[in-house]
Student: 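Provided herewith is a single structure, encoded as structure tokens, for subsequent inquiry.
Numbers here are sequence positions counted from 1.
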Amino acid sequence: MNTLKYLQIHEYLLDVDLWRLFANLEELTQTSLGFVNSLFSIIKVYVEASETSPLMDFLSVLAKYFRGSLCQSHQTYCLNYSAAVFYLESLRQRDDFSTYLKWCEQNEQCRRLHLPELLVAPLHRLTRYPLLLKNIWKRSSDSTEKIMIYSIKEKVEKSIRDLEGKVKWLDNFQKFRHLQEIIIWPPLWDRDKRFFIPECLKHIFKDHTAEHILSPTNRHLLYEGKLALAESTRFLDVYLFLFDDFLLITKTKRSKKKLGSADTGLLCPSLTLELQTVIKEGGSCIVLDQPIPLDRLVVKSIDPLHMSVFGLRNAFLIQHENRYRQCIAAFLLQAQTEDIKKTWMTQITAAISCFTKSQETKKIALIKLSAESSEI
């Protein structure tokens with residue numbers, strides 16, 4: 001980090017974002033070092049003192065740092081970690097950054113470790129703090145001190161659990177934000193040629209719901225992946241998104257214009273490799289048909305004997321039914337392997353089951369509420 005700062009003062013690697021790579025590392029280092037020095041100073045005083053000296057007073061140091069900024073500094077750093085590693089990977093494609101990185105990693109202070117291995121160290125340290133506190137608690141003889149140390153340990157463990165939840169929420173939020181950018185919702189007249197809309201009336205059909213549909217606060221992405229859609233004369237590359245309440249089928253569109261190395265740093269680390277490839281090639285995912293609600297979706301396995309005539313392998317069928325149980329759309333999909341096909345069918349079936357149960361629970365709650373209201 002200091003080497004990069006030095007280079008940027010001398011107008012090298014000016015476009016590299018220090019915060020995206022190292023976050024609050026400077027603050028974290030000072031806080032951690034302060035904690036360690038305070039801890040060892042207590043031990044040093046005890047060792048150098050006579051046998052009549054009082055017991056080591058760990059409690060004041062533990063309370064000061066663990067109830068202070070130590071956990072908060074780690075949380076700030078850890079929330080940026082996954083994005084930092086992904087940003088580092090995009091920077092390594094550059095010759096100038098690779099030269100800087102190689103020079104730094106050859107320094108004896110790095111102990112032959114590479115930057116990704118060094119960046120993860122604060123995460124490991126945070127998870128070891130409860131073990132340190134537990135060991136101090138075990139060896140403490142004062143009952144009041146034991147209670148205080150145990151409460152601090154509980155607080156640190158809760159902080160780690162909260163951090164895990166924040167990391168998952170942040171990854172989910174960033175992923176949905178990128179999905180909103182790469183998933184394109186064609187207007188009705190482009191999606192289905194049966195509908196004729198005069199130019200003068202197209203303003204009526206402005207789509208206000210696309211952003212709302214892919215909102216991280218409304219739904220969760222359960223599974224996704226690439227399949228092939230069988231058409232009358234060809235196979236079409238499609239990318240499916242299975243959410244907790246609907247299935248979305250899109251076709252991947254490649255672009256001749258590829259993103260530069262600077263643009264690839266904007267990618268989200270939680271995106272799949274397939275989606276990352278699509279984005280790097282300047283492509284997008286175009287919605288083929290309306291989202292299929294899980295309570296209107298039927299998935300069926302196709303017998304290989306029936307498909308051999310058409311040259312299909314590892315195929316299964318997705319049916320979209322309306323509220324009257326009439327089939328209004330059907331998609332014959334082919335997976336690369338039989339295992340991938342089984343995984344998709346299992347994931348869809350499980351999602352349908354969970355969605356059905358949640359809907360039934362909501363209905364029961366609504367019936368109880370209306371019953372209570374009528375009694376009142």
Student: Roughly how far apart are Ile249 CD1 and Asp289 CG, rounded to 0.5 Å?
Tutor: 7.5 Å
Student: Is there side-chain contact between Leu229 and Leu333, with heavy atoms separated by less than 4.5 Å?
Tutor: yes
Student: Could Glu164 and Arg161 be called an ion pair, given the rule that one side-chain N must be under 4.0 Å from one carboxylate O?
Tutor: no
Student: Just so I know, are the side chains of Leu275 and Phe241 near enough to count as touching, which here means a heavy-atom distance under 4.5 Å?
Tutor: yes
Student: Can you check whether Asp142 reaches Leu59 side chain to side chain, under 4.5 Å on heavy atoms?
Tutor: no
Student: Should Cys104 and Leu115 be marked as a side-chain contact (heavy atoms from CB on, under 4.5 Å) after you check the CA-CA gap, both sets of side-chain angles, and the distance that decides it?
Tutor: CA-CA 9 Å; Cys104 289; Leu115 185 54; over 6 Å; no
Student: Which value, rounded to the nearest 0.5 Å, describes the distance between Ile43 atom CD1 and Ser38 atom OG?
Tutor: 11.0 Å
Student: Between Thr31 and His74, is there a side-chain heavy-atom distance shorter than 4.5 Å?
Tutor: no
Student: I need the full list of salt bridge (charged side-chain N to carboxylate O under 4.0 Å, His left out) pairs touching residues 25-43, with sequence neighbours left out, sorted by first then second residue.
Tutor: Lys5-Glu26
Student: Quick one: list whatever passes side chain to side chain contact (heavy atoms under 4.5 Å, CB included) with Asn37, sequence neighbours left out.
Tutor: Leu33
Student: Taking NZ, NE, NH1 and NH2 as the nitrogens, is one of them in Lys153 or Glu157 under 4.0 Å from a carboxylate oxygen of the other?
Tutor: yes
Student: Go through the steps for Lys175 and Asp171 under the test salt bridge (charged side-chain N to carboxylate O under 4.0 Å, His left out), then give the verdict.
Tutor: CA-CA 6 Å; Lys175 185 166 189 174; Asp171 283 347; over 6 Å; no
Student: Which residue pairs satisfy the salt bridge (charged side-chain N to carboxylate O under 4.0 Å, His left out) criterion with at least one member in residues 324-333, sequence neighbours excluded?
Tutor: Glu321-Arg325
Student: Tell me if a side-chain donor or acceptor on Ser159 pairs with a main-chain N or O of Lys155 at a distance below 3.5 Å.
Tutor: no
Student: Between atom CZ of Phe243 and atom CG of Leu179, what is the distance when rounded to the nearest 0.5 Å?
Tutor: 6.0 Å
Student: Can a donor-acceptor pair be found between the side chains of Thr272 and Lys226 at a distance below 3.5 Å?
Tutor: no
Student: Contact between Trp185 and Leu214 at the side-chain level, heavy atoms closer than 4.5 Å - yes or no?
Tutor: yes
Student: Looking at Glu89 and Arg92, is there a salt bridge between them, counting it only when a charged N and a carboxylate O are closer than 4.0 Å?
Tutor: yes
Student: Is there a side-chain contact between Arg323 and Arg296 in this structure, where contact means two heavy atoms from C-beta onward sitting under 4.5 Å apart?
Tutor: yes
Student: Could you walk me through whether Lys102 and Glu105 pass the salt bridge (charged side-chain N to carboxylate O under 4.0 Å, His left out) check?
Tutor: CA-CA 5 Å; Lys102 187 177 179 181; Glu105 290 175 346; over 6 Å; no
Student: Can you label the angle between the Phe35 ring and the Tyr129 ring as parallel, tilted or perpendicular, going by 30° and 60°?
Tutor: perpendicular
Student: Between atom SG of Cys354 and atom CG of Asp245, what is the distance when rounded to the nearest 0.5 Å?
Tutor: 12.5 Å
Student: Is any side-chain heavy atom of Arg139 closer than 4.5 Å to one of Asn135?
Tutor: yes
Student: Does any non-hydrogen side-chain atom of Ile302 lie less than 4.5 Å from one of Leu312?
Tutor: no
